[in-house]
Amino acid sequence: MPDTPSPSPAASAPANALWGGRFAAGPAAIMQEINASIGFDRRMWRQDIAGSRAHATMLATQGVITEADRDAILTGLDQVASEIESGGFTFSTEREDIHMNVEARLIELIGDAGRRLHTGRSRNDQVALDVRLWVRDAIDALDVQIADCMRALVAQAAAHAATPMPGFTHLQIAQPTTFGHHMLAYVEMLARDRDRFADCRTRLNECPLGAAALAGTSFPIDRHATATALGFERPMANSLDAVSARDYAIEFMAAAANCAANLSRLAEEIVIWMSAPWRFVTLSDAFTTGSSIMPQKRNPDAAELVRAKTGRINGNLIALLTVMKGLALTYGKDMQEDKEPIFDTADSLALALAATAGMVRDLRPNAEAMRRWAGEGFATATDLADWLVRVLGLPFRNAHHVTGRLVAAAEAKGTDLAGLSLAEMQVAEPRITEDVFSVLTVEASLASRVSYGGTAPANVAAQAKAWHERLG
């Protein structure tokens, strides 16, 4: 959205009223279509009006406009906001964007005072401001949603702190863990996502308003006042950077992509857990669909769609990176292409978070199935190796070798490790005693994992309690 000076009240209306006296003819239809952004940037109307209110108030304080003009502007902006809120506002493609649509309606309502609003600013710093405000608001809304998703996971963790399930590496059964511990892993991941968004918010919270087209303005404006009025930490220190920076939007979208990837991992696991032969969890009709031909089907469509949103969000990030990668300072119309991927990213992640929180609350773990599989695949082999180290004093590599021989023996016999007799175990290591069988149950394995961050039920219950208190 390039800089556009306010039309002079004395000027006669040219064929292209938007551009004042410079252009005698209107744009071609295709130019108007490719140039206009009102179809999507109307979403920023609240931010646009907030920026105009702060700007008008500052101009009056600095004596650039009169208090009467300021009051008229503020009253007019309230009217515009009311019309948009109620659905009575007519958005015009000819007016190109949200800024000119609001300004044009303001002028219709209050006349020359509305024409004075654009003093000391440009659409370049105006759009830079609006996008920053919009992204900041989106971060605040997503933070609430991430916290809600975390609460849902914590509730499941507390309820199933001691519910055994198999832990996997390479999607092969590795060691027993608990469903609660598994849920808490995603709590930790989402906590880092919250931190990434918070970091992004800190960096973007500088105000570009007052940078004007690119070089600042000759009017005696107070950029610190407008920054404070709009909740920013400070005004941006370089006017060129202020109108051209979109790295904060890229950072926002990168944080969203990371969060979406974490949600996608959980969604994938839900899909797997619901499938045969696992049947670890069930989802109700609220988060599943049926088949048009197979009446027995219950498909985890919500999880699959959360999983798919990741590709969309990743694509948005790449799109904006590509738009920005070769742009010389300062503003280029290319940057109009920032908004749709930003908006779509926020919308897609918000929907994925809502669906994930809903699914997590709806999940019903099948404790019997998870317990049965938790002991499969020689899942307590590491416990046997640890016993050999702890009780017999074997170096771990030697214990690993002995355990491997015992796994092979059990596999040949068609049993698990606990199904071997003491005599069969002593073939591999003569000093093994009957005590070894005490560590070969799923419950014993879980109870032994007491290291910080480990899967012992007591650990999980304590961590769930701590997260519950932290999240409120």
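Only one option out of H99, R46, Q47 pairs with D130 in a side-chain hydrogen bond (donor to acceptor under 3.5 Å, both in side chains); it is H99.
Aromatic ring centroids of W278 and F168 lie under 6.0 Å apart. For F89 and W45, the distance between ring centers is not under 6.0 angstrom.
For the residue pair H181 / T178, no side-chain donor-acceptor distance below 3.5 Å is found, with atom types taken as modelled.
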Report all side-chain donor-acceptor pairs from residues 57-65 shorter than 3.5 Å, counting only partners two or more places apart or in another chain.
residue: T57; atom: OG1; partner: R53; partner atom: O; Å: 2.9
residue: T61; atom: OG1; partner: T57; partner atom: O; Å: 2.9
residue: Q62; atom: NE2; partner: P220; partner atom: O; Å: 2.8

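A cation-pi geometry, defined here as NZ or CZ lying under 6.0 Å from the six-membered ring centre and within 45° of its normal, does not hold between R201 and F252. For the pair R203 and Y248, the NZ or CZ position fails the cation-pi test of under 6.0 Å to the six-membered ring centre and within 45 degrees of the ring normal.
Of all the heavy atoms in L327 and V323, the pair that sits closest is CG-O, 3.5 Å.
Using a cutoff of 4.0 Å between basic side-chain nitrogens and carboxylate oxygens, E251 and R246 are not scored as salt-bridged. Ion pair R115/D112 flagged as a salt bridge, since at least one NZ, NE, NH1 or NH2 atom sits closer than 4.0 Å to an Asp/Glu carboxylate oxygen. At a threshold of 4.0 Å, the pair R95-E108 counts as salt-bridged, since one of the basic side-chain nitrogens sits closer than that to a carboxylate oxygen.
Counting only distance, with no hydrogens or angles, the side chain of N459 and the backbone of T455 share no donor-acceptor pair below 3.5 Å.
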Dump the intermediate steps for side chain to side chain donor-acceptor pair (under 3.5 Å) on Y186 and E269, then the final yes or no.
CA-CA 11 Å; Y186 286 101; E269 295 204 292; 2.6 Å; yes
Full working for side chain to side chain donor-acceptor pair (under 3.5 Å) between R121 and S52:
CA-CA 10 Å; R121 74 175 182 184; S52 290; 3.1 Å; yes
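Q145 has its side chain out of reach of D148: every pair of non-hydrogen atoms, C-beta onward, lies at least 4.5 Å apart.
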